[in-house]
Protein chains: 2
Amino acid sequence: MDKHSPIQITLEQRDDAVTITQWVYSTLRQAVMLGQLPPGRAVTIREMAALLDVSPMPVREALRQLAAEGALEIQGNRRVMVPRMTAMKFSELVEARIALESHAAGQALPYIDAQRLAQMRTLDEQIDAAEATGDAETVMRVNQDFHRLIYTANPHQVTMPLIESLWLQLAPFMRVAAAYLDEYYQIDRHHEAMDAITRQDPVALKLAVAADIRDGCAFASSPETLQQLLSA
Amino acid sequence: MDKHSPIQITLEQRDDAVTITQWVYSTLRQAVMLGQLPPGRAVTIREMAALLDVSPMPVREALRQLAAEGALEIQGNRRVMVPRMTAMKFSELVEARIALESHAAGQALPYIDAQRLAQMRTLDEQIDAAEATGDAETVMRVNQDFHRLIYTANPHQVTMPLIESLWLQLAPFMRVAAAYLDEYYQIDRHHEAMDAITRQDPVALKLAVAADIRDGCAFASSPETLQQLLSA
DNA sequence: TGGTCATTAATGTGATCACAATTCAAAGGC
DNA sequence: GCCTTTGAATTGTGATCACATTAATGACCA
């Protein structure tokens, strides 16, 4: 059954109010986010259907949607797999994140009210707590929530789906990389961002967001280190 | 059969080497691009299947993929329709285009060689010819090819799918708008872009691309004009 | 005549099946 | 021993069907 490597994905709680396709989609999406599907590993419809105990139909639709979002890749052979990362692709994804997210932050700034800022502080504390206990997974997850909270303040925002697509493409590799170096000092860019919001300073906010992204991918600073992680 | 308004979509040439799902996808995608599916119009699986003379299955997959790309919208009722445009959303889409595409152009500049530049000149001439004959559809289509030619010069580029998503979301409305004002003087930003490429000037290229996008959506300069088009 | 409700039609979802293409593995030949 | 080839098994694709949900139509009543 296990074609190459055995896979273990965490099953989400099944809600009857939601369609099976949506459940399969969010389950597989989370599996990609958590790096539970190794890059290059072939993801077949029937295998996933058996694993999730559903018919192949919802899996087909979920895979197509994930492929459209860049989380998965449909090869010419019509096979689906988690995309492999390259050093250049990684760099491009990070630069795209910076361009898109700093823009999204600037567009959202006028809409961030005190309540949302308070929510951001709460998340920031959760991140600090998770960092203290070395819970890298929670750090990554809540950090995403922190960023999302900024961008979605803009009620007319259209970039969140694009940003999520970039996150999906980066996640499988970030997961691997985080396991190799979860200990690195990080200037608290979140406080810089929240200060900029308090001052309603768009330039400072965009710089803080950009710096936060760059810090989070800092292991890419030395190409040889990145190359080493890619071969792992 | 026609639930609200009758629809007429241009059928693409069917290639046996390609799957039915892919053919349905590109056909529906082109229909969205050409504004043949009115915003707000419900797009049902069975209707499309009958229209394209295929089984509902490929239509289901194509619709889900288009929805993931933002070309279509799945409502809570699980119904699919072309998203409606609002003035704020339009503005956000244009600003996102500028942020993403100017970034993509800057990242692609080092990879644009003489051959590609020559292709750009050819496309630019085609655009001028189409503008002379008032063929707005060809202008829009070749203009997209022109932009695509810039961004895809970067072999490691990851932003093209995101940009295409923005194009898909803007297209239905641009189509309507172009019909109302296809006559407006436009400074030739394409030459500015090609000059910047010749000089290998990334800042000038990004500015030219941004200006070209802004010019192409210039009817949004006055909010009342935009509002008028939206109500049409 | 306008609004409410019940009936009917239509739609999305999910399952199962058939078929062609692809992949994999074992057997054969150099 | 290594490569090619041939067989079977697996896979993606597409079609058809059943069912629950939703939208639409008509009748009924105030």
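If you're wondering where the values come from, they're calculated on a predicted model, not measured in any experiment.
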Nearest to the side chain of [X], which nucleotide is it out of [options]?
X     : options                : answer
A:N77 : D:dT13, C:dT22, D:dT22 : C:dT22
A:T21 : C:dG14, D:dA23, D:dG14 : C:dG14
B:T44 : C:dT11, C:dT23, D:dT13 : C:dT11

Please state how far atom [atom1] in [X] lies from atom [atom2] in [N], giving the value in whole angstrom units.
X     : N      : atom1 : atom2 : answer
A:R78 : D:dT10 : CZ    : C1'   : 15 Å
A:I20 : D:dC19 : CD1   : P     : 16 Å
A:Y25 : C:dG12 : OH    : P     : 20 Å
B:I45 : D:dT22 : CD1   : C1'   : 14 Å
B:L63 : C:dT13 : CG    : C1'   : 14 Å
B:Q75 : C:dT11 : CD    : P     : 14 Å
B:M57 : D:dG12 : CE    : P     : 15 Å
A:Q22 : C:dG12 : CD    : P     : 14 Å

Note to self: If you apply the rule side chain to side chain donor-acceptor pair (under 3.5 Å), what do you find for B:Q119 with B:T122, and how did you get there?
What the structure shows: CA-CA 5 Å; B:Q119 292 177 16; B:T122 304; over 6 Å; no
Notebook entry, point to check: Looking only at N and O atoms, is any donor in the side chain of B:R60 or the base of C:dG14 less than 3.5 Å from an acceptor on the other one?
Noted result: yes
Check: Do B:R46 and C:dG12 share a donor-acceptor pair, side chain to base, under 3.5 Å?
Finding: yes
Next item on the list: Report the relative orientation of the aromatic rings in B:F173 and B:F90; use parallel for angles under 30°, tilted for 30 to 60°, perpendicular for over 60°.
Entry: perpendicular
Next item on the list: Specify whether A:H147 and A:H190 have parallel, tilted or perpendicular ring planes, treating 30° as the upper limit for parallel and 60° as the lower limit for perpendicular.
Entry: perpendicular
Check: How long is the gap from CG on B:L52 to CD1 on B:I20, to the nearest 0.5 Å?
Finding: 10.5 Å
